[in-house]
Structures are given as C-alpha cells and as structure tokens.
Amino acid sequence: MPNSATPTHCPYCALQCGMNLTPAADGTDGVVVVSERADFPVNRGALCGKGRTAPAVLSSRVRLTTPLVRRAGVLEPASWDEALDRIAEELTRTRTEHGPDACGVFGGGGLTNEKAYALGKFARIVLGTSQIDYNGRFCMSSAAAAGIKAFGLDRGLPFPLEDIPRTGCVVLVGSNLAETMPPALRYFTELRENGGKLVVIDPRRTRTAEQADLHLAPRPGTDLALALGLLHLIVAEGRTDEQYILERTSGWEEARAAAMAHWPEYVERITGVPVPQLRDTVRLFCEPEHAMVLTARGPEQQSKGTDTVGAWINLTLATGRAGRPLSGYGCLTGQGNGQGGREHGQKADQLPGYRKLVDPEARRHVAEVWGVDPDSLPGPGRSAYELLDALGTDIRALLLMGSNPVVSAPRAAHIEERIKSLEFLAVCDVVLSETAALADVVLPVTQWAEETGTTTNLEGRVLLRRRAITPPDGVRSDLEVMHELADRLGVEKGFPTDAEEVFEELRRASAGGVADYSGITYRRLAEENGVFWPCPAPGGAAEGAAGDELGARGGADSGSGGGANPGSGGGANSGSGGGADSGSGGVAVSGFGGEGVAGEGAHPGTPRLFLERFATEDGRARFVPVSHRAAAEEPDDEYPVLLTTGRVVAQYQSGAQTRRVDELNAAAPGPFVELHPRLAERLGAAEGDPVAVVSRRGRAVAPARITTAIRPDTVFMPFHWPGEGRANTLTNPALDPTSRMPEFKACAVRVEAVGK
Ligand SMILES: Nc1nc2c(c(=O)[nH]1)N[C@H]1C(S)=C(S)[C@@H](COP(=O)(O)OP(=O)(O)OC[C@H]3O[C@@H](n4cnc5c(=O)[nH]c(N)nc54)[C@H](O)[C@@H]3O)O[C@H]1N2
Ligand SMILES: Nc1nc2c(c(=O)[nH]1)N[C@H]1C(S)=C(S)[C@@H](COP(=O)(O)OP(=O)(O)OC[C@H]3O[C@@H](n4cnc5c(=O)[nH]c(N)nc54)[C@H](O)[C@@H]3O)O[C@H]1N2
Ligand code: SF4
Ligand SMILES: [Mo]
C-alpha cells in the first residue's frame, strides 16, 4: 500500500501543502487516504481540516459526473457531444451577431497554471474577445499593483516562508492566517520562540491576533492612515535608513512630505489606535536588524487598497528593509494558484509570463508562440466586477471556469441578476455551485487528485500537483473542454489535453517575461520540491526571446538568457552573472534544490528577489506619495455601523466545495454576524438570535455571535454561504482606481434585531 501513495498538493489555499494520497485498496468510489508528506518543506506534513477532508469532494455523491443542458428551463443530463455542441453554437452565434466582445470568459485563481494559460489563449485566439478576467481580481490585485509600482515586479512573497522565524519582527496587516493558512502559523510561533516580535493589525482580536506581542485594532478601512502615521513617527524619531534610501530608492521626498501631514494624534482619531500603540509598533519594527511587513486581504480589499499597500511598502523602504536578507514586504496570496493564476494571461490586461497586453514586444513574442498575427490579439478588457456588471448588456454569453460569483462577488444580488440576464452561460465545475445552477450548460470536470498540473504557491514556488487517482466515468478535464471547444470553433491545433504539453508551451510563452518559467520542467518539479520563478532557461532557450524584457529593464534576474547562476546544483544562490540572489549576504538557501538536480548550467530558480536590485528600470525601488482618504462609504445616521467580511477556518471561499463535506459543516454550519456586547445590548440581541444587517445593497440575516473580540463600531460576517445569510448581498462594489479591487472590507450598515 505505501508504495502506491502519490505525493501531491492540497486543492485549496495558496500554501499548497504537500500531502500523500493513496486510493482505497478496493477501489471504492472516492475513497482516498490522505497521509503525511513530511518531505515537503512548506507544511512539513501538517494539514488543516480542509486539506485532510478534501478527498470527500472526490466522491460522486457530491460531485457532477455528467454534463447538464437546460431544456425547457430545466437542467437535464446530456451527452458530452450535445453539451459541447451547444456551447460552440451559442458562442459562434453570439460572436457572429454581436461581435467577439459579446462573449465573456471568467476564470479562477484555483486553476492550474496550464488551465489559466490555456483559458487566456482560448479567449484571445479562439473567441477573439478582450472580455476575460478572473476572481483573483477580488483577491490580491491591490498588492500586485502596489508591488509592481514599487518594485517593478509582483511576486507575493519575495522570500520563502522559512525566512520568517529568523527575522526580528513581523507586522502582519489584515491576515488571519491562524484560520486561513493554519500550518503557516508555525513560522510565526518559531519567530517568537527565537525572540522575534509579532505585531498583528486587525479590527478583530482573531486567533492570529491572540498570538501577537502587540495587537492593533483599527477601524476597518483605515490602514492607509495607520501606515502613514507610523512613517511619520519613524521620521520624527530619526529611525530612517538614509544611506539605503539614497542608494536603493527614488521618490522619498514626496512620500516623506505626504507622511509628515499625518500626525499621530490625527491618525489616532481616524483609526482608533492610541498613539502609544503606534509608538510601540515603530519601536518593535525598527529596533531589530531585520523586519518584515506582510499584508493580506484586510488592507488590500479596499477601494484604496493599492495606495494602502504602497504606504506599507514605504515603511519597509524608509527603514531599509526591502531587498535585504530576512527583511522586506510580502503579500500572503490566497487561492491555490493565486500566484501562478495571475501570471499567465487570464487577467484582462495580461499575456503569459506576466507580460502586458499593451506592450507591442510582448504581443509579438506571444503571438509568435501561438502562431497568430500580433494584430489579431485583442486589447485589454474589463476587470472582474465590471465584466460581471456588463453581463446581459454588452456581454451576452459567458464561459466560466473556477469561480462561484453568485456567492463571492460584491453586491451579489445584483450580480446574480446580471448572470440570469445572460443569453447563454456555460460553467465548468466539479460540483453544481450556485452559479452553475443558473447555467445553460454545465460541464463536469476533473479535479486536483485526478489530474496533473502545476501551481505556484504564495512564495513563488512552482509545484507539481500529481494525479493520484483515476477520475470517475463521465468527467473530463478543463483542458479537454478547451480542446474540444477550440476544435468546434475552428481552431484545431494549439489546445493540447496533456498538461505537460501545455506547460512546455507556457515555458516558451513566459520566456523573457517577468514571470519566466522557461527553465522549469516537469522533471525538475518532480525531483526538486518546487522551483521559484524567475527561472530562465540556460542560454535563452526561449528562442532568443529571453532577456528582451527583463534584460532591457534590468529585471530581477539580470542573468536571463545567459544562464546566470551556472550549475550551482547544490542550491547555493551565489551564481555569477548578477542574478537577483547573488551576493545575498550569506543567507543559506536551504530546502531548495537537491544535489545536482538542476543539472549542469540550469538556473536554480530565485527564492529571494531584489537582494541586489529591484526590477525597475534603474534598479531602485520607488516610494509612492500617498495620503489617507475615507472608505467609499462611511457610517452615517442611517447606516451607523461598519461591516467587514472574511473567512472561518473550516470553510473555503464560496463554500462550493467545503459545504459538501460533513466534517467541515459540523465545525462551521452557517453564516453568523459577529458583534460586540455593547452593540448587541443596544439591539436587545442575545447570542444566537437572528439579526439583520442592512446596507444600501440589501439585507442579510444570520445568528448573532457576541464577542468582545470585535470593535463596538464594527460587525463581521464570513462570506462562505448563499441565501439569506449571504454577506455579499451587503458589500460595496466601489473599486480601487488602479487595481479595480472591490471594497469587501468596509461598508456602512445598520444592524437590527429580527422578530423578537
Ligand atoms: N479557511 C479558509 N482559508 C482560506 C480561504 C478560505 O476561504 N477559508 N481562502 C483563501 C484565500 S483565496 C484568501 S485570499 C486568503 C485570505 O486570507 P486572510 O486575508 O487571512 O482572510 P480574511 O478573513 O479575508 O481577512 C483577514 C482579516 O482581515 C481583517 N480585516 C477586516 N477588515 C480589515 C481592515 O480594514 N484592515 C485590516 N488590517 N484588517 C481587516 C478581518 O477581520 C480578518 O481577520 O485565505 C485563503 N485561505
Ligand atoms: N465578502 C467577501 N467576498 C469575497 C472575499 C472576501 O474576503 N469577502 N474574498 C474574495 C476572494 S479573496 C476570492 S479569492 C473570491 C473567491 O470566490 P470564488 O471565485 O467564488 O472561489 P471558489 O469558491 O473557490 O470557487 C471556485 C469554483 O470553482 C470550482 N473548481 C474547483 N476546482 C476547479 C477546477 O479545477 N476547474 C473548474 N472548472 N472548477 C473548479 C469550485 O467547485 C468552485 O465552484 O471571493 C472573493 N469574495
Ligand atoms: S492550509 Fe491551505 S493548502 Fe494547507 S491543508 Fe489547509 S487549505 Fe490545504
Ligand atoms: Mo482570495
């Protein structure tokens, strides 16, 4: 039995925990045993409840195993041919009658790199539409935009998690990782055991905040003011690193001036965080030699998320932390392939390799790989919310893969109406999600354990998720779906069904781009425990394309095209050629690369970015001059309370998968409204009483959960459930001007007791 165990990775979050899977000896449907995979360094065998129970969703008791087609208003089982023909006909009709942009495509950050790549290619060359985006827009897009502005490159963490225990202080902004990435908590526990300090910033005293040396509880939506106030104090207390600022950054004067306008007392009034706590934070952050700022959805899912993350990055720059060993800024990406899913072209403005769709050179390179005319590639399309908002008007038919917006989109009742107003909706999913239930055609697809593919975890580590079991009869992979549809729409070549074949093409398409995967192969991924991008092919196997973008821009790995870091094999990152990781000040790169695995001349990958230079044109990080502004909707007499939203440990996202697992439902059976005893008393609500939360978008009802762990001016709802308790009925789709991220984390509501 043990020798039939397959090492693979969890289907859910961005930690991409390693696990071993063994099919039941008797081949019983859906029965798969999960066992510890201690050799994978990120989680070292530890799994959360979602990972442990993930095989439950493989069972045909809860999943789809036959295509469904709507006939006379009812979804009925159909053959694959009928279902695929129907989709092809409707897409063709829509395109002919209304033009290619009347067809929309919506993807997901849970899709493998191969699927995300193929979906972007499918939209642009099969449908010829510009109208593609994905749920990652709702996730880390603000951090991505801020990272690109400041560093010239967006990779969630610029260092591996293993650096965290060895730094001096981590400021964790709006992450509840004790619930959202439980095995990662270990890194922070070790940090504290080593004498390092943890500061957590969250309007709620979460399980994560309980681990902290210092917990700041700002009003939702005020992180920008908080970061500016801290920078003000850093300057006032003379704690800046002037030499670093001079040598490695630009734009300090403007950013400094903007921060100086944010006096601590003013910041206290906006945020509710007392000045002494601001001073303590500055001391904890500045005193140690090394320190990090990590953000997650709290500060990012705001209509000013990009500026907010920019302000936190400014703190790391002013104190000389970014691009130094054991220090810097990172974003904790969320979905299983939240990182890779944002690199290979399912984003509205993007081509593979994190290239820009508006860049003529990028278009030329990718069009050549795809064998099409660069001029035939459409331009950038709408962002996720704007795309969903245009359904039924400009966009008449939608192909959706890997998301459940009926539950997860902001202002969800409106988006549900938009989806219902489509002329045609096709959904590929493993279960009949709330969105799939509205479709005209539903295609049942294979999932993680049944198919091979790669994901890129929150560290930028590309991983091989291996097939461990045979899928049930009747399901096909997303790649097969795209192959079949492309074929029916007149594109016979270019959509292989084998994931490795897709990956080989992705390597070429990404070569020379920011997210360069050209030096990564399935073989290397199988032998090493993942490879960090950028990883250019030796000698520019990208047909001379390597080096065009990064080289010209002096990117993170200036050795691209030249096989920098030659043959280190042992994983030392001190190769010649000025790769980003050379001269890393003696930081050992452990847990990376095995003896000689990378092979002679192979690039070892880049666990740590920016140690010599940033990926900007001049190699300097850019300060952004930002000032605080209010949330799009602030409390008033009619809506006097702030609503914020987020997650609980036992459910995942829209719950489409985890709400089908008994053990998880027992732990987290339904929605709730977390509120402070003082607010509950005013309402006359007792624990468990139904309370209504009302915003300008709608009304949701869920039981009260009364706790002193939340600010009295704020209520919290998790967003995992549809129906009456759907948090997104309430949320405000106000968008960040740069990232187009909706304001999931702050809107004005009133709270009412129900039927007392
Ligand atoms: N169990 C579970 N784990 C998950 C997921 C899941 O659905 N369930 N989803 C995965 C995905 S895709 C993602 S993106 C990650 C998200 O991971 P996290 O970002 O950790 O998750 P959230 O609960 O959305 O938000 C984190 C915290 O932000 C706080 N917060 C709310 N408003 C504000 C604010 O204005 N400022 C600050 N500083 N904090 C605020 C909330 O109280 C919450 O505790 O989790 C991943 N892991
Ligand atoms: N109020 C509020 N709303 C939020 C957030 C918040 O914090 N607050 N967070 C936002 C964030 S960060 C995110 S990431 C989104 C996530 O929200 P969604 O985009 O809805 O994410 P999931 O629920 O993971 O949906 C994934 C769907 O794809 C299916 N699926 C899984 N694997 C595959 C596959 O391989 N192929 C195909 N075709 N389908 C597959 C699943 O069964 C599921 O139906 O929610 C956002 N919405
Ligand atoms: S922490 Fe994330 S990747 Fe790890 S087992 Fe849990 S859901 Fe899966
Ligand atoms: Mo996310």
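In what follows, every heavy atom counts, from backbone to side chain, and hydrogens, waters and symmetry copies are set aside. Ligands are counted one by one from 1 in listed order, and the atoms in each one are counted from 1 as well.
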Heavy-atom contacts with C139 under 4.0 Å: which atoms of ligand 2 show up? List them by number with element.
12 (S), 14 (S)

Of the listed options (V481, N404, D429), which comes nearest to atom 44 (O) of ligand 2 when hydrogens are ignored and any heavy atom counts?
D429

Answer yes if the side chains of N337 and T112 hold a donor-acceptor pair under 3.5 Å, and no otherwise.
no

Quick one: does G221 get a heavy atom under 4.0 Å from ligand 1?
yes

For Y134 together with F106, are the ring centres under 6.0 Å from each other?
no

Near V445 (heavy-atom distance under 4.0 Å), the atoms of ligand 2 are 36 (N), 37 (C), 38 (N)

Atoms of the protein (N/O/S only) found under 2.8 Å from atom 8 (Fe) of ligand 3:
C10 SG

Would you say K50 contacts ligand 1, with heavy atoms under 4.0 Å as the rule?
yes

Among T644, L119, D478, which one puts a heavy atom closest to atom 37 (C) of ligand 2?
D478

Sequence neighbours excluded and cut-off under 3.5 Å, please list the side-chain donor-acceptor pairs for residues 216-224, or say none.
unit_1 : atom_1 : unit_2 : atom_2 : d
R219   : NH2    : E634   : OE1    : 2.9
T222   : OG1    : R219   : O      : 2.7
D223   : OD1    : Q302   : NE2    : 2.9

Closest non-hydrogen atoms of A734 and S303, given as atom of the first, atom of the second and distance, are O-CB, 4.0 Å

Option nearest atom 33 (C) of ligand 1 (shortest heavy-atom distance, choices P203, A14, G655)
P203

For atom 11 (C) of ligand 2, which of the options H720, M717, R647 provides the nearest non-hydrogen atom?
R647

Who pairs with R697 by salt bridge (Lys or Arg N to Asp or Glu O under 4.0 Å), at least two apart in sequence or on another chain?
E633

Backbone, side chain, both or neither: what part of A656 comes under 4.0 angstrom of ligand 2, heavy atoms only?
side chain

For V431, the ligand 2 atoms with a heavy-atom partner under 4.0 Å come out as 42 (O)

Just jot down the salt bridge (Lys or Arg N to Asp or Glu O under 4.0 Å) partners of E300, sequence neighbours excluded, or say none.
R297

How does K745 reach ligand 2, by side chain, by backbone, by both or by neither, if only non-hydrogen atoms under 4.0 Å count?
side chain

Tell me whether ligand 1 is touched by V648 - counting only heavy atoms on the residue side and a distance under 4.0 Å.
yes

Distance alone, cut at 3.5 Å: any donor-acceptor contact between the side chains of T456 and N113?
yes

Which atoms of ligand 2 sit under 4.0 Å from any heavy atom of C428?
37 (C), 38 (N), 39 (N)

Return the option from P410, P718, C13, G402 holding the heavy atom at the smallest distance from atom 26 (C) of ligand 2.
G402

